[in-house]
Amino acid sequence: MAGFAAMSAGKKAALTTLGMFTGVGGAVAYQLDQEVRADLTLHAPELPWSHKGPLSSLDHASIRRGYQVYKQVCAACHSMRFLAFRNLVGVSHTENEAKELAEEAMVIDGPNEAGEMFERPGKLSDYFPKPFANDAAAAAANNGAIPPDLSFITLARHGGEDYIYH
């Protein structure tokens, strides 16, 4: 086959034009594919949350109810290992209420003078207790699936609160 330099100017122009159209066509096809894939993704409907405005804040009574639901329902499987009882103070509970909640949880601490671990009532600086000792125990109790930690779940899911609510 003859090289590109041996071709006539018309053939060179035709091959260059063909190459350009092929490249542009490929780019357009790729972009359309990406747009179609984005449309096939299921998105949670957007809700009019009262705390979405620039000067809005969270409803503290609602946060308190949410914590109560977590404590009574979700905490059986899910952890919130990155949140401490002190995070409740001034947001959903008073300091005394948060101390009472912390004291209900028995925390493993130590070692003591004998070098052994022991249990003590929780303090504000303690993190929420985990429902399982480790990931293997969590997987065994949940048919092989490890329940996700709920500390930052709204940041981890596309759609945030809308995803969680639906």
> Distance check, rounded to the nearest 0.5 Å: Y70 atom OH versus M80 atom CE?
4.5 Å

> Does F128 share a hydrophobic cluster with L101, counting links as ILVMFWY side-chain heavy atoms below 4.5 Å and allowing steps through other members?
yes

> Just how far is it from atom CD1 of I153 to atom CD of E161, taken to the nearest 0.5 Å?
12.5 Å

> With the threshold set at 4.0 Å, does a side-chain nitrogen-carboxylate oxygen contact exist between E46 and K52?
no

> F82 and V91: same hydrophobic cluster, using ILVMFWY side-chain contacts below 4.5 Å?
no

> Treating Ile, Leu, Val, Met, Phe, Trp and Tyr as nodes and any side-chain heavy-atom pair under 4.5 angstrom as an edge, say whether L58 and V69 lie in one connected cluster.
no

> For the pair R120 and D126, find out whether any cationic side-chain nitrogen is under 4.0 Å from an anionic carboxylate oxygen.
yes

> Please report the interatomic distance CD(E103) to CG(L124), rounded to the nearest 0.5 Å.
8.5 Å

> Decide, yes or no, whether a salt bridge links K99 with E95 under the criterion of side-chain N to carboxylate O below 4.0 Å.
yes

> Is there a side-chain contact between H78 and P131, using heavy atoms and a 4.5 Å cut-off?
no

> Can you name the closest pair of heavy atoms from A76 and F132 and give their distance?
O-CZ, 3.9 Å

> Over 60° means perpendicular and under 30° means parallel, so tell me whether H93 and Y67 are parallel, tilted or perpendicular.
perpendicular

> Looking only at heavy atoms, which two atoms of A98 and L88 are closest? And how far apart?
CB-CB, 4.5 Å

> For K11, does the NZ atom sit with more than 12 other heavy atoms under 6.0 Å from it, leaving out its own atoms?
no

> Compare every heavy atom of P129 with every heavy atom of A105, then report the nearest pair and how far apart it is.
CB-CG, 4.1 Å

> If you measure from CG on D59 to CH2 on W49, what distance do you get to the nearest 0.5 Å?
11.0 Å

> At their closest point, which heavy atom of F118 faces which heavy atom of G110, and how far apart are they?
CE2-CA, 3.5 Å

> When you look at CE of M20, are more than 12 heavy atoms from neighbouring residues, nucleotides or ligands closer to it than 6.0 Å?
no

> State whether the side chain of H51 and the backbone N or O of S57 hold a donor-acceptor pair below 3.5 Å, judged by distance alone.
no

> Which pair of non-hydrogen atoms, one from V89 and one from T94, has the smallest distance, and what is that distance?
CG2-O, 4.4 Å

> For K123 versus F85, what's the shortest heavy-atom pair and its separation?
O-CD1, 3.9 Å

> In the structure I gave you, are the side-chain heavy atoms of Q31 and V28 within less than 4.5 Å of one another anywhere?
no

> Just checking, R86 and Y127: is the charged tip under 6.0 Å from the six-membered ring centre and within 45° of the axis?
yes

> If a pair satisfies side-chain hydrogen bond (donor to acceptor under 3.5 Å, both in side chains) and one of its residues is in residues 137-156, list it, with sequence neighbours excluded.
S79-D149, D149-S151

> Hey, what do you get for NZ (K71) to CD (Q68), rounding to the nearest 0.5 Å?
6.0 Å

> With A13, which residues qualify under side-chain contact (heavy atoms from CB on, under 4.5 Å), at least two apart?
none

> Can you check side chain to side chain contact (heavy atoms under 4.5 Å, CB included) on E119 and V107, steps first, answer last?
CA-CA 5 Å; E119 283 192 345; V107 178; over 6 Å; no

